[in-house]
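Chain letters run A, B, ... following the sequence lines, proteins first and then strands; every chain starts at 1.
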Amino acid sequence: MDFSFSEEEEQFRQEVRLWLKREIPARWFELDPGMWEETEESWAISREFQRKLGQKGWLAPAYPKEYGGLELSHTKRLILAEELAYNRAPVSVEVEITVNWVAPTIMLFGTEKQKKDYITRVARGEIIFCLGYSEPDAGSDLAALQTRAVEVGDEYVINGQKIWCSYGHLADYCWLAARTDPDAPKHKGISMFIVDMKTPGITIRPLINILNHHSFNEVFFDDVRIPKENLVGQKNNGWYQLVIALDFERSSIGVAARQQRIIEELVQYAKETKRNGEPISNDPLVRNELAGIAVENEVLRMMCYRIAWMYSKNLHPSYESSMTMVFASEVTRRLANVGMRILGHYGQLDRDSKWAPLQGRIMRMYLSSLSIGVGGGSNEIQRNIIAMRGLGLPRG
Amino acid sequence: MNLGLSEEQEMLKTSARDFLQKEFPKKLVRQLDESETGYSPELWRKMAELGWMGLVFPEKYGGSGGSFLDLIVLLEEMGYNILPGPFFSTVVLGGLTILSAGNEEQRNEFLPRIASGDRILTLALTEPSARYDAAAINTRATTSNGNYVINGTKLFVPDANVADYILCVTRTKEEQNPEDGITVFLVDAKSPGIECTLLKTLARDKQCEIVFDNVGVPQNNILGKPDQGWTIIKDTLQKATVAKCAEMVGSAQAALEMAVQYAKERVQFNRPIGSFQAIQHYCANMVTDVDGARFITYKAAWKVSEGLPAALDVAIAKAWTGEACSRVTLLAHQIFGAIGFTMDHDLHLYYRRAKAGEIMFGDSDTQRAIVARELGL
């Protein structure tokens with residue numbers, strides 16, 4: 001057992017830190033967009049940064065070299081992910097989905113042409129995919145999706161509605177799950193497609209999220225015609241491909257590192273803030289709360305390390321990823337609550353107020369943390385997976 | 001980074017599991033729980049023959065030169081099979097302390113005898129205040145003709161009822177800093193003036209009250225330097241705390257497995273209760289707690305084993321593991337329902353031990369206080 005990093009790995013960490021210090025524009029920290037808070041300006045900065053990361057090879061460090069990756073070791077990828085998150089680099093969900101879900105699925109199931117077309121551009125930081133998964137009547141029961149793709153000549157014609165499509169209004173492509181065989185059992189009639197978001201027949205309607213930002217969309221497909229070659233993998237094998245993609249490396253390591261930073265800020269705040277003439281860091285309740293959340297975050301970090309280590313040993317994690325996701329979401333929500341309690345009245349203030357501590361970050365986290373534990377497979381679904389796949393309990 | 005066990009550790013784990021399951025069936029565990037001594041001298045000898053008592057001692061002291069992490073692997077298995085007896089007291093509290101703080105003579109005197117199973121030890125640290133900090137040490141040792149005389153009461157001392165020697169933590173000087181003026185003595189448990197009373201406890205482990213009434217101890221029996229004993233105890237406490245976590249992780253793993261097995265077999269409403277989401281989610285929560293506790297414990301144990309500063313990691317591990325393992329056994333009880341509420345069922349053995357482990361060496365509030373301090377609060 002060895003929890004240390006090699007000297008070379010520590011050097012790599014230093015290299016990443018220095019690079020981030022140089023390359024993240026100051027404006028980004030002024031905007032300080034949290035999860036689900038992208039604006040046009042922050043989106044532009046993110047795309048610029050994505051290309052820089054791509055040039056450096058750090059956007060998709062795991063990819064094979066022929067597709068623009070570095071084939072970096074799992075430990076170095078973990079270090080990179082930790083540093084990006086801790087230093088609040090302009091890397092958000094859209095990159096995670098594009099780089100770690102969609103492209104690896106294309107890598108596994110796509111044609112040579114698709115791989116050359118898309119994966120290299122993903123690795124260079126040139127394109128963003130949004131997900132076309134959920135529908136109004138297909139949330140946790142995703143396989144109930146109804147959007148149809150019908151083969152007509154050299155094309156597929158798509159009709160239907162998707163929802164919760166994050167940054168669909170900004171993405172270049174949609175990674176779409178559609179029904180190609182309505183008569184087959186629901187898991188066996190789904191296929192995966194790449195859809196250019198500029199294709200005629202696509203209508204986007206914004207859904208304003210709880211943070212009062214436009215990040216989600218309803219996406220309507222009205223006789224949207226896409227070339228047949230945009231089918232990825234086998235027709236009607238989409239569910240299998242989709243489930244595999246849900247298992248792709250999602251170590252949540254970024255969550256732990258991001259929260260580490262918040263905890264440090266709260267510790268600092270507690271030391272600097274006086275109540276009744278005394279620093280609140282002297283209050284045993286404050287100490288207990290902050291220490292408690294620091295404990296939980298460290299446990300989360302070890303769960304993440306465990307997953308990275310399993311990958312490095314070619315042990316394929318399954319329920320371990322679900323466990324880590326559930327735990328991460330709960331620690332995030334508790335941290336947001338601890339933060340709100342420590343900031344007290346001031347915790348209510350948003351970034352525009354001169355009175356707002358930590359740029360209003362905590363109150364926005366209090367809101368945004370509701371989404372994890374729901375999106376990407378709710379905690380209830382994840383717990384079912386842990387129980388059935390991990391512990392072998394019978395299907396209900 | 002490598003979070004797995006070595007080949008040797010895997011072998012140790014397997015052989016320990018096999019031995020403990022064969023030699024310590026739950027019937028025997030119960031008998032020992034209910035007995036006065038809490039251990040079987042015959043099996044104690046067998047464990048010594050397997051090399052367990054000397055696992056972490058260098059070969060020149062009759063050990064096999066294993067690492068602290070090897071011991072952690074063994075303790076996790078002991079927890080898995082809820083092994084009763086003075087192994088923890090003898091090896092972790094006694095042996096490791098003498099190994100790190102004893103002089104050559106003391107090591108030669110004690111370690112080979114511990115390794116061979118001929119000597120049982122314990123550490124008398126806590127007092128009626130039930131605290132683990134230096135300020136809580138009020139038992140006095142005063143000089144008399146070049147030797148020392150100990151007076152005071154120690155409480156919650158594990159396995160003192162069967163110990164041959166007691167490492168007694170005393171105050172020898174009043175200093176501004178309570179960590180100064182502490183001296184650790186190796187006390188023959190049969191010395192006149194020692195009165196040991198077995199306490200009746202939740203986990204039916206053998207915790208004792210020891211009253212020292214003018215107990216004479218030769219100066220040679222000082223462990224380490226006089227008045228500077230607290231550094232020794234701090235080191236031992238760190239090791240013992242993480243070692244206790246390993247034991248708890250093992251027990252929680254066993255409780256989880258029992259509950260999952262039962263959920264697969266128990267039929268209500270014409271289907272196994274494990275097919276109900278309520279039960280599935282309990283089980284998911286349990287395995288999350290067990291896995292989290294295991295890796296946070298390994299992390300702390302690795303730091304201790306490497307001799308790195310580990311105060312924060314050990315406190316984090318104990319703060320989490322104590323509560324997590326109690327939660328696991330509680331949910332296991334919920335899954336077993338009424339049958340778990342009987343003395344005949346084994347689950348209470350785990351439930352009791354989980355709470356005892358949570359309390360031992362500082363409960364989670366105490367640990368979080370340490371974490372807060374280490375975070376710079």
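Here Arg368(B) is the residue among Glu374(B), Glu257(B), Arg368(B), Gln367(B) with the most heavy-atom pairs under 4.5 Å with chain A. Note: Val287(B) leads Leu69(B), Leu375(B), Val287(B), Leu5(B) in heavy-atom pairs under 4.5 Å with chain A. Residue with the most contacts toward chain A among Val260(B), Asp365(B), Ile316(B): Ile316(B) (heavy-atom pairs, distance under 4.5 Å). Of the listed residues (Pro284(A), Pro394(A), Gly292(A), Ser312(A)), the greatest number of heavy-atom pairs within a distance under 4.5 Å of chain B belongs to Pro394(A). Options Ile386(A), Asn288(A), Thr75(A) differ in how many heavy-atom pairs under 4.5 Å they form with chain B, and the most are formed by Asn288(A).
Using a 4.5 Å cut-off between heavy atoms, Tyr298(B) touches chain A through backbone and side chain atoms alike. Both the backbone and the side chain of Glu380(A) come within less than 4.5 Å of a heavy atom in chain B. Proximity to chain A (any heavy atom under 4.5 Å) is shown, for Ser6(B), by neither the backbone nor the side chain. With a threshold of 4.5 angstrom between heavy atoms, Phe327(A) approaches chain B through side-chain atoms but not through N, CA, C or O. In this structure, no portion of Met310(A) lies under 4.5 Å from any heavy atom of chain B.
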| message | Test side chain to side chain contact (heavy atoms under 4.5 Å, CB included) on Arg301(A) and Lys299(B); report intermediate values, then the result. | response | CA-CA 11 Å; Arg301(A) 205 156 71 93; Lys299(B) 160 96 181 292; 3.8 Å; yes
| field | Leu308(B) vs Phe3(A), side chain to side chain contact (heavy atoms under 4.5 Å, CB included): CA-CA, chis, key distance, verdict | value | CA-CA 12 Å; Leu308(B) 298 165; Phe3(A) 284 75; over 6 Å; no
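With hydrogens and angles ignored, the 3.5 Å screen pairs no side-chain donor or acceptor of Glu296(A) with any backbone N or O of Trp320(B).
Distance check, rounded to the nearest 0.5 Å: CD of Gln261(B) to CG of Leu391(A) gives 11.5 Å. Note that CE of Met1(A) and CD of Gln9(B) are 5.5 Å apart. Values are rounded to the nearest 0.5 Å. Annotation: the span from Leu312(B) atom CG to Glu298(A) atom CD amounts to 7.0 Å, rounded to 0.5 Å.
Surrounding OH of Tyr86(A) are more than 12 heavy atoms belonging to other residues, nucleotides or ligands, all under 6.0 Å away. Around atom CD of Glu8(A), no more than 12 heavy atoms belonging to other residues, nucleotides or ligands sit under 6.0 Å away. Heavy-atom contacts from other residues, nucleotides or ligands closer than 6.0 Å to OH of Tyr351(B) number 12 or fewer. Heavy atoms of other residues, nucleotides or ligands lying less than 6.0 angstrom from OH of Tyr366(A) number 12 at most. No more than 12 heavy atoms of other residues, nucleotides or ligands sit less than 6.0 Å from atom NZ of Lys355(B). No more than 12 heavy atoms of other residues, nucleotides or ligands shown are found within 6.0 angstrom of CG on Asp137(A).
Using a 4.5 Å cut-off on side-chain heavy atoms (C-beta onward), Arg373(B) and Arg287(A) make contact. Between Arg294(B) and Arg306(A) there is no side-chain heavy-atom pair separated by less than 4.5 Å. Two residues are said to be in side-chain contact when any heavy atoms from C-beta on lie closer than 4.5 Å; Thr288(B) and Met303(A) meet this criterion.
With sequence neighbours excluded, the residues satisfying side-chain contact (heavy atoms from CB on, under 4.5 Å) with Ala310(B) are Gln238(B), Lys303(B), Val304(B), Val314(B).
Residues of residues 263-275 of chain B lying under 4.5 angstrom from chain A, judged on non-hydrogen atoms, are Ala263(B), Lys264(B), Arg271(B), Pro272(B), Gly274(B), Ser275(B) by number.
In plain terms, the two heavy atoms of Val295(A) and Ala319(B) that are nearest each other are CG2-CB, 4.0 Å. When every heavy atom of Asn384(A) is checked against every heavy atom of His281(B), the shortest pair comes out as OD1-NE2, 2.6 Å. Nearest heavy atom pair, residue Gly292(B) against residue Val299(A), reads CA-CG1, 3.8 Å.
By the 30° and 60° cut-offs, the orientation of the rings of Trp309(A) relative to Phe295(B) is tilted.
Partner of Leu377(B) under the side-chain contact (heavy atoms from CB on, under 4.5 Å) criterion, out of Asp283(A), Ile280(A), Leu266(A), Val267(A): Val267(A) alone.
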